[in-house]
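Chain letters run A, B, ... following the sequence lines, proteins first and then strands; every chain starts at 1.
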2 protein chains.
Amino acid sequence: MDNDGARTGTDVMPLDRSSPMPLWAQLVDELTRRLKAGHFAERLPTDQELMTTYGVSRQTARDAVRRLGESFRLERHRGKGTFVRQAQFELPVGIMYSWFQAIESQGAKQDSVVRACELRQDVIVAEELAVEADLPLFYLERLRLADGVPLALDRIWMPAVLAAPLMETDFTHTALYDELRDKAGIVPTRGQETIHPVIPIPSVARLLEMPKGAAAFTIVRRTWIGDRPLERRDTIVRGDRHAFVSSWSQEPGAQATEPRLKLVAQT
Amino acid sequence: MDNDGARTGTDVMPLDRSSPMPLWAQLVDELTRRLKAGHFAERLPTDQELMTTYGVSRQTARDAVRRLGESFRLERHRGKGTFVRQAQFELPVGIMYSWFQAIESQGAKQDSVVRACELRQDVIVAEELAVEADLPLFYLERLRLADGVPLALDRIWMPAVLAAPLMETDFTHTALYDELRDKAGIVPTRGQETIHPVIPIPSVARLLEMPKGAAAFTIVRRTWIGDRPLERRDTIVRGDRHAFVSSWSQEPGAQATEPRLKLVAQT
DNA sequence: CAAGATCTATTGTTCGTACATTCGAATCAT
DNA sequence: ATGATTCGAATGTACGAACAATAGATCTTG
């Protein structure tokens with residue numbers, strides 16, 4: 001991997017002024033390439049630098065940066081420069097993330113009853129997490145409450161090698177991903193959630209204090225770091241008190257609102 | 001409402017060059033105002049027209065139009081001009097829309113068994129649709145099949161005054177919104193879907209040929225034309241053969257994929 | 001030393017200009 | 001009439017220039 005600011009010669013690919021592709025497009029490609037190669041970890045070139053480095057006008061340089069910002073999260077500040085926004089730790093980790101946030105923002109106190117936090121063996125989950133069947137897995141089972149009312153039952157499996165630093169954590173008030181980041185330096189890069197309707201088994205229904213004959217959601221989440229499986233999580237959410245809601249509308253001529261599902265508490 | 005191209009004098013609000021707000025921003029506001037007032041039904045002013053009308057440079061005019069395009073769906077064509085993209089009839093009508101599309105794109109033949117297509121009275125739904133309780137409602141009940149396999153049970157209520165032209169339609173292969181648009185000239189502008197897990201009542205479970213003890217999704221959709229309720233629809237989807245799936249990923253530095261749920265068939 | 005003033009770097013806004021590219025209509029030649 | 005050519009309109013690309021606004025560093029001064 002090349003060094004950052006170093007001009008090693010092969011660093012900069014000159015633009016092709018005879019190409020039919022616009023200069024700004026070539027510059028976008030070039031900057032994208034360098035960004036992905038790890039350049040500009042901190043700061044992007046200034047307008048002036050782009051002008052002299054690539055021999056374009058400021059207009060063209062700015063145009064390229066503007067369009068680059070459609071793919072990358074860039075922040076420009078007068079007097080300072082252009083920066084790649086640091087990867088946020090609070091990734092949009094699917095539906096559950098926004099849900100717990102919404103609950104919090106409505107003023108309800110969240111906490112969890114930790115029902116298990118241990119190392120376990122499980123052949124089936126081990127297979128899914130791509131670890132040897134006889135290796136231990138970190139297992140965390142929590143009953144999540146909002147103002148003391150059961151909301152969901154959360155069961156998490158992770159390879160023990162990755163989750164070892166979390167063993168001693170008190171998960172009563174702590175978010176898993178925060179702990180993972182702070183104690184193990186791990187942040188998931190990819191995730192998937194699958195949502196099914198289920199009839200919870202009696203023991204779970206009792207835990208969640210659900211009325212008899214009510215259905216629930218199961219949300220199965222899988223996360224990865226690159227290609228490496230990090231986590232499998234099964235969450236059972238009470239279906240009688242929560243729903244997924246999607247709204248859309250279209251002002252005449254205006255952009256249509258993308259349908260986006262939100263898990264919300266029922267009144 | 002003012003006429004379109006007519007320059008009636010109050011049509012054009014001049015920009016304030018002493019304002020701290022950039023000219024392009026003022027121009028965006030002005031064009032937004034006029035768009036919402038029904039101007040430019042067909043074509044937006046050309047760069048040249050904006051320059052002379054508002055006394056700005058082409059750069060500024062183009063900048064304004066570019067940013068206007070972030071709120072409105074604009075199409076610019078060399079040699080032709082700038083146009084407001086016509087409201088598409090195939091609105092992103094929530095989750096179900098993409099679901100039936102996905103099924104179709106996977107090659108499965110869809111059709112419906114029309115179980116009821118009639119006028120009915122229903123006090124509760126009438127209340128919801130904001131019509132007099134003793135007025136009739138258009139009621140359509142369909143069992144939706146993919147390659148002959150039951151997928152979902154669909155029940156639709158609409159005010160009869162709006163849906164009258166649909167009474168004679170054969171809904172075996174026809175999409176409701178297409179019919180509404182073609183025969184009644186009606187297109188919903190707003191919608192909401194709420195998704196719950198349920199245990200279907202035996203008669204419905206039998207219709208959907210669901211295994212005993214399986215749960216299902218109910219999707220309640222409400223649509224409006226402006227503020228006027230158009231439709232209430234209850235759809236019961238087999239939960240053992242379908243799921244909502246949401247994926248997200250984050251390239252380093254790249255825009256995070258918004259979590260978006262899709263209803264998909266299980267393999 | 002500290003508070004204020006000044007300078008420098010960097011992005012934001014705005015003007016002007018020129019030519020390229022594409023579309024559609026008008027014109028011309030056959 | 002019909003096909004090819006030309007022309008005008010409109011957007012796309014690219015250059016140059018100037019000044020404004022902001023942040024941070026440096027300098028000045030009490």
Taking side chain to side chain donor-acceptor pair (under 3.5 Å) as the definition, give me every residue that meets it alongside [X], ordered by chain and number, with sequence neighbours left out.
X: B:K80; value: none
X: A:R66; value: A:D63
X: B:R232; value: B:E128, B:D234

Quiz item: How would you list, by chain and number, every residue that makes a side chain to side chain contact (heavy atoms under 4.5 Å, CB included) with A:M167, sequence neighbours excluded?
Solution: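 By the side chain to side chain contact (heavy atoms under 4.5 Å, CB included) rule, A:M167 matches A:L119, A:F138.
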Self-check item: B:D170, CG: over 12 other non-hydrogen atoms inside 6.0 angstrom
Solution: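 Yes, the 6.0 Å shell around CG holds more than 12 heavy atoms from other groups.
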Quiz item: Is the count of non-hydrogen atoms from other residues, nucleotides or ligands lying under 6.0 Å from B:D227 atom CG greater than 12?
Solution: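 No, because the 6.0 Å sphere around CG of B:D227 holds 12 heavy atoms or fewer from other groups.
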Under 3.5 Å, N/O pairs linking protein and nucleotides 11-15 of chain C:
unit_1: C:dT11; atom_1: OP1; unit_2: A:T82; atom_2: OG1; d: 3.3
unit_1: C:dT11; atom_1: OP2; unit_2: A:D47; atom_2: N; d: 2.9
unit_1: C:dG12; atom_1: OP2; unit_2: A:R62; atom_2: NH1; d: 3.1
unit_1: C:dG12; atom_1: OP2; unit_2: A:R62; atom_2: NH2; d: 3.2
unit_1: C:dG12; atom_1: OP2; unit_2: A:R76; atom_2: NH1; d: 2.7
unit_1: C:dG12; atom_1: O4'; unit_2: A:R78; atom_2: NE; d: 3.0
unit_1: C:dG12; atom_1: O4'; unit_2: A:R78; atom_2: NH2; d: 3.1
unit_1: C:dG12; atom_1: N7; unit_2: A:R58; atom_2: NH2; d: 2.8
unit_1: C:dG12; atom_1: O6; unit_2: A:R58; atom_2: NH1; d: 3.1
unit_1: C:dT13; atom_1: OP1; unit_2: B:W24; atom_2: NE1; d: 3.3
unit_1: C:dT14; atom_1: OP1; unit_2: B:L23; atom_2: N; d: 2.3
unit_1: C:dT14; atom_1: OP2; unit_2: B:L23; atom_2: N; d: 3.3
unit_1: C:dT14; atom_1: OP2; unit_2: B:W24; atom_2: N; d: 3.3
unit_1: C:dT14; atom_1: O3'; unit_2: B:R17; atom_2: NH2; d: 3.4
unit_1: C:dC15; atom_1: OP1; unit_2: B:R17; atom_2: NH1; d: 3.3
unit_1: C:dC15; atom_1: OP1; unit_2: B:R17; atom_2: NH2; d: 2.4
unit_1: C:dC15; atom_1: OP2; unit_2: B:S57; atom_2: N; d: 2.9
unit_1: C:dC15; atom_1: OP2; unit_2: B:S57; atom_2: OG; d: 3.0
unit_1: C:dC15; atom_1: OP2; unit_2: B:T60; atom_2: OG1; d: 2.4
unit_1: C:dC15; atom_1: N4; unit_2: B:Q59; atom_2: NE2; d: 2.9

Quiz item: Side chains of B:T235 and B:D154: is there a donor and an acceptor less than 3.5 Å apart?
Solution: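 Yes, a side-chain donor-acceptor pair sits under 3.5 Å.
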Quiz item: Between which nucleotides of DNA chain D, 5' to 3', does chain B make heavy-atom contacts below 4.0 Å?
Solution: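 Terminal contacting nucleotides, 5' to 3': D:dA9 to D:dT13.
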